[in-house]
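Please read the structure below before turning to the comments.
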Amino acid sequence: MNIDKFIARLNQRQKEAVLHTEGPLLVLAGAGSGKTRVITTRAAWLLSRGIPSDSILAVTFTNKAAKEMRDRVMSMIAGSNSKPPLISTFHSLCLYILRREIDKLGYRKDFTIYDTSDQHSLLRNILSEIKFEDKSFKAENIMERISMAKNEIAIVRGGKSSDPDDLEIISDAVSPKYHEAMKTLNALDFDDLLLLTLRLFRDYPAVLAKYAERFRYIMVDEYQDTNRVQYNLVRLLAGKRRNLCVVGDDDQSIYGWRGADPGNILDFEKDFPGAVTVRLEQNYRSFGHILGAANAVIKNNKKRMEKSLWTERGDGPKVNIFRAGDTDAEAQWLADRIELIKFEDRASYNDIAVIYRANLFSRPFEEAFRRKRIPYTVVGGTSYFDHREIKDLASYLKICANPHDDLSLLRVVNVPKRGLGPAALGRLIAFSKEHGITLLDACRKSGEIGDLGDKIKVAASDLARLVDKYASLFKTKKEMNKTFRALIEEINYRDYLHELHKNPQSALKRIEAYEDFIRSLAHYESQEQAPSLQGFLEALALTDLMNEKDEKISFGVTLISLHSSKGLEFPVVFIVGVEEDILPHKKSAGDIEEERRLFYVGITRAMKELYITYAVHRQKYGKNVPSNPSRFLEEIPDEVVTTVSRFEPEDPAQAEKTAESFFANIQAMLGK
């Protein structure tokens, strides 16, 4: 293994981070400073020193990032006998541990992972059972409060009162029933993956000792995005050995609303006395003027660790700031400018991104692009896993994998129709509760329920036989994708879709979607040494959880929110709608610094050209209302900015004068 050639490619600060292997290390990695290269080279360096791969753990936040790191490490150690270290997301790591240890907490090891739509369905069932009929309180909002309470995330309240509001009171009342139901169903939600692992470590010292002894060298990527649960997991695993390397950038901490605590990185030196801090400030992504804007903006934050990005790439074009008359003018100017950039720079549409505060701002840009036939992709639409046909078929797989999953069985009990109406289902559910058995067991024993009709008894027992048959086949047959297809064909799901969607084209789209689903199972099997139905469902759940961004599927100009853009880069970036009450957001009065970090993240996505736009009037609720430029624009120094003229001059006389000057210049160029 020749690791020296990879280390030789690092700059001095990167080398310091790679070669410091013993004791706590904080790597402050500014945007575009090569942090992935540092983490992967450090892992390869540890392996080259004879550290067993099982002793090295690297944790990041997306499956995509974890795969990229694994691939890079393997390319560095090609030709050696070393295996790759464990590189995973926090949730995958916790899932790995819980599959082996969760029985200590009273769960079965074949537990199911519920996604957000599963959680909402369960909560709606609970609200129905307790006859809670106030429609103003949505299951989604109650679930959000339950999650915040589980993770000890502070609720930001309006006004001066700190008393709990009605939503919090309802959430607190429903929460115990939700947790009881989840345990009965042998199901975990995404919060549970982390929280139950932390509980394991705290309540069972031998379990903690086992994993702390195994993972002797720990690296955590994007440390600024960790919440308090993740922070505590890392501290416990690092233990007395303290061989912990965290990599991150406090200036890019933008997920406070979901529990991320920038204090975790800001307090690292205090939490780990004697820690070494290495600052990565050389930027390999952006030109100098873009970095000048980014540095000038972020230095206004008080809660941050000092750093200043620089580059050897030169200054490049200045940052363009454009003031539009209104929302439509902003979108039209942007579409025209993109066409000009494509013509002048011979740029590809794929090189361009339009970044906004939230997805609701995409509409005018989509309309402008359609008018000019500019291809585009909107990132952050409906999840593939939220489509009805995928949820249906995934529920069949879930009940085959976990016989305790009553919620999944309830979803498919009449998909397609089996004659098990509300009254029959109510009796089956009541029977299962009376005898302390699962709903699937109640279907198996439907012949013992006296007040059920013969047809209903047969339908219920047939459903149980179907589930039992395929649960067995998924365990014993090698090609699960073929078993899956056989299940779909046996329930006549294709005919069901045609009956459900009278429009043949609509039905065909859904059939194509489930065909993709079957292919995804086949792909999973081809990639895994020991594939299992449980493993496939885990992969599905964790991919949906992380909302992975797959750049391969995007075509044309990328329309994306500031939050979703983190981790990406584009040669040309437009940040639009940079106005007060949008950026910073009107509800962010308590944390302007996070809003400033969000703007900083947007700026540092740009590699070559950066355009920032705002409108004098913004369309809100169908009306054009006055709008003010964001305070953040005043923080960008004049020397890095060029102001693009208005899209439409307000003064007609001035417009005529400008036109005359333009034609005069053209004539001069032509020598007339």
Side-chain angles (χ1 to χ4, degrees), residues 31 62 64 252 254-255 285-286 290 319-324 326-343 345 347-384 386-387 544 546-579 581-583 585 595 598-615 618-620 627 630 632 644 647:
T62 68
K64 181 182 172 184
Q252 295 187 74
I254 59 172
Y255 298 116
R285 175 186 298 156
S286 308
I290 294 170
V319 176
N320 293 269
I321 298 181
F322 171 68
R323 183 180 76 153
D326 60 25
T327 305
D328 291 336
E330 178 186 42
Q332 185 59 49
W333 176 84
L334 192 144
D336 289 340
R337 192 73 185 187
I338 286 174
E339 289 287 71
L340 189 62
I341 290 169
K342 188 172 186 297
F343 174 74
D345 300 346
S348 163
Y349 287 125
N350 293 356
D351 292 337
I352 302 169
V354 178
I355 307 180
Y356 32 68
R357 180 62 177 79
N359 288 326
L360 61 90
F361 292 105
S362 73
R363 182 196 57 78
F365 302 102
E366 292 187 64
E367 290 177 354
F369 289 172
R370 281 198 291 268
R371 284 195 297 270
K372 295 190 77 71
R373 298 188 178 181
I374 296 174
Y376 66 90
T377 296
V378 180
V379 176
T382 303
S383 167
Y384 169 76
D386 284 336
H387 292 139
D544 195 23
M546 301 317 301
N547 192 21
E548 303 279 324
K549 298 182 285 290
D550 186 353
E551 292 138 277
K552 292 180 182 176
I553 63 169
S554 63
F555 172 71
V557 177
T558 298
L559 297 176
I560 191 169
S561 71
L562 281 161
H563 283 100
S564 295
S565 73
K566 186 172 176 291
L568 303 180
E569 59 183 34
F570 303 89
V572 181
V573 166
F574 291 82
I575 307 177
V576 299
V578 185
E579 298 151 28
D581 293 342
I582 296 177
L583 187 68
H585 195 273
E595 291 292 298
L598 194 56
F599 185 40
Y600 173 84
V601 164
I603 292 172
T604 53
R605 299 311 94 200
M607 301 167 69
K608 296 179 179 178
E609 295 182 63
L610 174 62
Y611 295 82
I612 301 172
T613 70
Y614 66 94
R618 175 73 52 187
Q619 196 169 69
K620 295 177 182 177
S627 187
S630 169
F632 299 151
V644 181
F647 181 67

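FYI, the numbering just counts along the sequence from 1. Note that the coordinates shown come from a computational prediction; the quantities given were computed from them, not determined experimentally.
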In the structure I gave you, are the side-chain heavy atoms of [X] and [Y] within less than 4.5 Å of one another anywhere?
X	Y	value
K342	I374	no
I341	D351	no
Y356	L559	yes
E595	L583	yes
I612	F599	yes

Once you round to the nearest 0.5 Å, how far does [atom1] of [X] lie from [atom2] of [Y]?
X	Y	atom1	atom2	result
F365	T613	CZ	OG1	5.5 Å
R363	E366	CZ	CD	9.5 Å
Y376	T558	OH	OG1	12.5 Å
Q332	R371	CD	CZ	5.5 Å
I321	Y614	CD1	OH	7.5 Å
R605	Y600	CZ	OH	8.5 Å

### Query
Salt bridge check: are D336 and K372 linked by an N-O gap of less than 4.0 Å?
yes
### Query
Is R357 paired with E579 through a side-chain N to carboxylate O contact shorter than 4.0 Å?
no
### Query
Any donor and acceptor pair, going by atom type alone, linking the side chain of H563 with main-chain N or O of Y255 inside 3.5 Å?
no
### Task
Spell out, as yes or no, whether a donor-acceptor pair under 3.5 Å connects the side chain of E569 to the backbone of M607.
no
Contact summary for [X] and [Y], nearest pair of heavy atoms:
X	Y	answer
A329	A324	C-CB, 4.1 Å
S565	L562	OG-O, 2.8 Å
F570	N350	CD2-O, 4.3 Å
T604	R285	O-NH1, 2.8 Å
S561	N359	CB-OD1, 3.9 Å
I290	E609	CD1-N, 4.2 Å

### From CA spacing to verdict: side chain to side chain contact (heavy atoms under 4.5 Å, CB included), I355, V573
CA-CA 7 Å; I355 307 180; V573 166; 3.7 Å; yes
#### Entry: From W333, Y349, Y611, residue fulfilling side-chain contact (heavy atoms from CB on, under 4.5 Å) relative to I338
Y349
